> 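Quick one: this structure, given as structure tokens, is what I'll be asking you about.
Please read all numbers here as calculations on a predicted model, not as lab measurements. Chain identifiers are assigned alphabetically (A, B, ...) following the order of the sequence lines, protein sequences preceding nucleic acid strands; residue numbering begins at 1 within each chain. All values below were derived from every heavy atom in this structure, side-chain atoms included, with hydrogens, water molecules and symmetry-related copies excluded.
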Amino acid sequence: MDGLRRFIRYKAADGCIALIDELAAAAAFEQPLAEVEEQVLRLGIMPRRYMRNCLSCDQQLRLLRARICVIGCGGLGGSVADILTRTGVGYLRLIDPDSFEEHNLNRQRFATVATLSQPKVQAARTALMAINPAVNIDAVQAEFCETDVLAAEVVVDALDSAEKRLILAAFCTKYGRSLVHGAVREWYGQVGIATAANNLVAGLYPGAVQESATPSPPQIIAPTVAVIAGMQAAETCKLLLGLPSVLSSSWLSCNLLDCEYELIPDSPSIP
Amino acid sequence: MQLTVKLFAFFRDGRFKEEGREYPAGTKVGEIVADLGIDPDEVGVVMINSLQSSLKATVAEGDNLAIFPVIGGG
């Protein structure tokens with residue numbers, strides 16, 4: 001490892017190191033790129049790809065060591081995974097049983113003409129590895145289970161079913177994982193951090209029977225997905241970095257049509 | 001009795017954003033939802049004076065009632 005560190009110091013300039021030098025180090029010292037990046041950041045050197053991230057090397061190292069599970073890899077999940085990969089989160093576990101269909105092309109980050117009928121998680125993994133090969137990505141084409149929640153320190157709720165959201169929230173409560181909730185419909189969305197204390201998801205979905213009320217898939221326009229996914233990714237990073245967030249004690253209702261963004265504080269229920 | 005009803009997201013379509021409305025004493029939230037032609041299964045969060053409530057709750061003179069739809073897509 002000393003040789004690797006000497007190589008990194010030799011190649012670094014102005015406190016940064018280029019990707020091509022990190023790749024050369026990985027090849028020369030037979031180490032995964034993630035390990036090279038770990039050593040780079042521990043030396044207080046910033047990989048050039050992160051130099052505009054407004055984060056310190058210690059913060060970037062925290063993200064590199066983080067383990068995130070994104071449940072649902074469609075609109076919200078695909079965009080959240082894209083942002084977290086670019087930001088430098090070191091491990092993503094992507095869960096989705098579905099494959100891309102034409103009606104996904106309007107808003108889902110990794111739905112392209114070329115990926116139609118491919119499993120969403122596989123298409124996402126391929127694209128994400130091309131963006132940031134230092135990130136480890138597990139692509140699981142299946143419904144989520146408790147193991148997925150256990151595998152991560154923060155879980156991102158990018159599901160499209162109230163019933164499944166309630167099950168996921170129960171798993172996260174059981175294992176003490178923070179759940180970054182997001183949901184979209186038409187020009188409207190919501191985001192918040194569900195914890196055992198605030199019971200957020202149960203409050204937002206007062207009856208899973210509502211599943212049957214909307215048998216057809218909801219209409220969703222891409223800007224709503226971009227806004228809510230961006231907020232979910234920001235909240236995930238803040239949780240990992242230990243930064244405070246008002247969304248730990250409230251949820252945000254977003255109305256892109258009227259440009260209204262309303263923070264709803266957690267409140268005790270009244271009968 | 002007079003109360004203020006505030007609707008969110010697509011519940012505003014063909015209705016209103018915020019309106020003072022008159023209802024008989026003892027009216028329940030569910031009855032107001034029905035009066036507005038909203039499918040109760042579409043209702044998510046209901047708040048009376050900023051406190052989370054339910055369709056079964058009874059409103060009182062001067063209350064502020066906020067009704068949010070279920071937003072479920074991902």
> What part of A:Glu260 gets closer than 4.5 Å to chain B, counting heavy atoms only: side chain, backbone, both or neither?
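The answer is the side chain of A:Glu260.
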
> Hey, what do you get for NE2 (A:His181) to CD1 (B:Ile71), rounding to the nearest 0.5 Å?
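Answer rounded to 0.5 Å: 9.0 Å.
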
> Given a strict heavy-atom distance threshold of 4.5 Å, which part of A:Ile220 is in contact with chain B: side chain, backbone, both, or neither?
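Interface part for A:Ile220: side chain.
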
> To check you understand the geometry: which heavy-atom pair defines the closest contact between B:Arg12 and A:Asn255, and what is its length?
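Nearest heavy atoms, B:Arg12 then A:Asn255: NH1-ND2, 3.5 Å.
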
> Using only atom types and a distance under 3.5 Å, with no angle test, would you say the side chain of B:Gln52 pairs donor to acceptor with the backbone of A:Asp266?
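The answer is no, because no donor-acceptor pair under 3.5 Å joins these two groups.
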
> Could you tell me which portion of A:Gln219 (side chain, backbone, both or neither) has an atom closer than 4.5 angstrom to a non-hydrogen atom of chain B?
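Neither; nothing under 4.5 Å.
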
> Below 4.5 Å from any heavy atom of chain A, which atoms of B:Asn49 appear? Answer side chain, backbone, both or neither.
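Contact with chain A: none, neither part.
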
> Tell me, with the steps shown, if B:Val70 and A:Tyr205 meet side chain to side chain contact (heavy atoms under 4.5 Å, CB included).
CA-CA 7 Å; B:Val70 167; A:Tyr205 302 94; 3.7 Å; yes

> Do the charged groups of B:Lys17 and A:Asp258 touch, with an N to O distance under 4.0 Å?
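Salt bridge flag = no for A:Asp258 with B:Lys17.
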
> How about CD on A:Glu102, more than 12 heavy atoms from neighbouring residues, nucleotides or ligands closer than 6.0 Å, or not?
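12 or below, so no.
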
> Between B:Phe68 and A:Ile264, does the side chain to side chain contact (heavy atoms under 4.5 Å, CB included) criterion hold? Intermediate values first, please.
CA-CA 11 Å; B:Phe68 294 80; A:Ile264 315 293; 3.5 Å; yes

> I'd like to know which of A:Gly182, A:Gly203, A:Gly78 tops the heavy-atom pair count under 4.5 Å against chain B.
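Most heavy-atom pairs within the cutoff with chain B belong to A:Gly203.
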
> If you apply the rule side chain to side chain contact (heavy atoms under 4.5 Å, CB included), what do you find for A:Leu257 with B:Phe10, and how did you get there?
CA-CA 10 Å; A:Leu257 204 56; B:Phe10 52 84; over 6 Å; no

> Grab the two heavy atoms, one from A:Pro206 and one from B:Val43, that are nearest each other, plus how far apart they are.
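Heavy-atom minimum between the residues: CG-O, 3.8 Å.
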
> Okay, side chain of A:Arg165, backbone of B:Gly72: is any donor-acceptor separation there less than 3.5 Å?
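Yes, A:Arg165 side chain to B:Gly72 backbone: donor-acceptor pair under 3.5 Å.
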
> Looking at B:Val45 and A:Leu204, what are the two nearest heavy atoms and their distance?
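Answer, listing the atom of B:Val45 first, then A:Leu204: CG2-CD2, 3.7 Å.
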
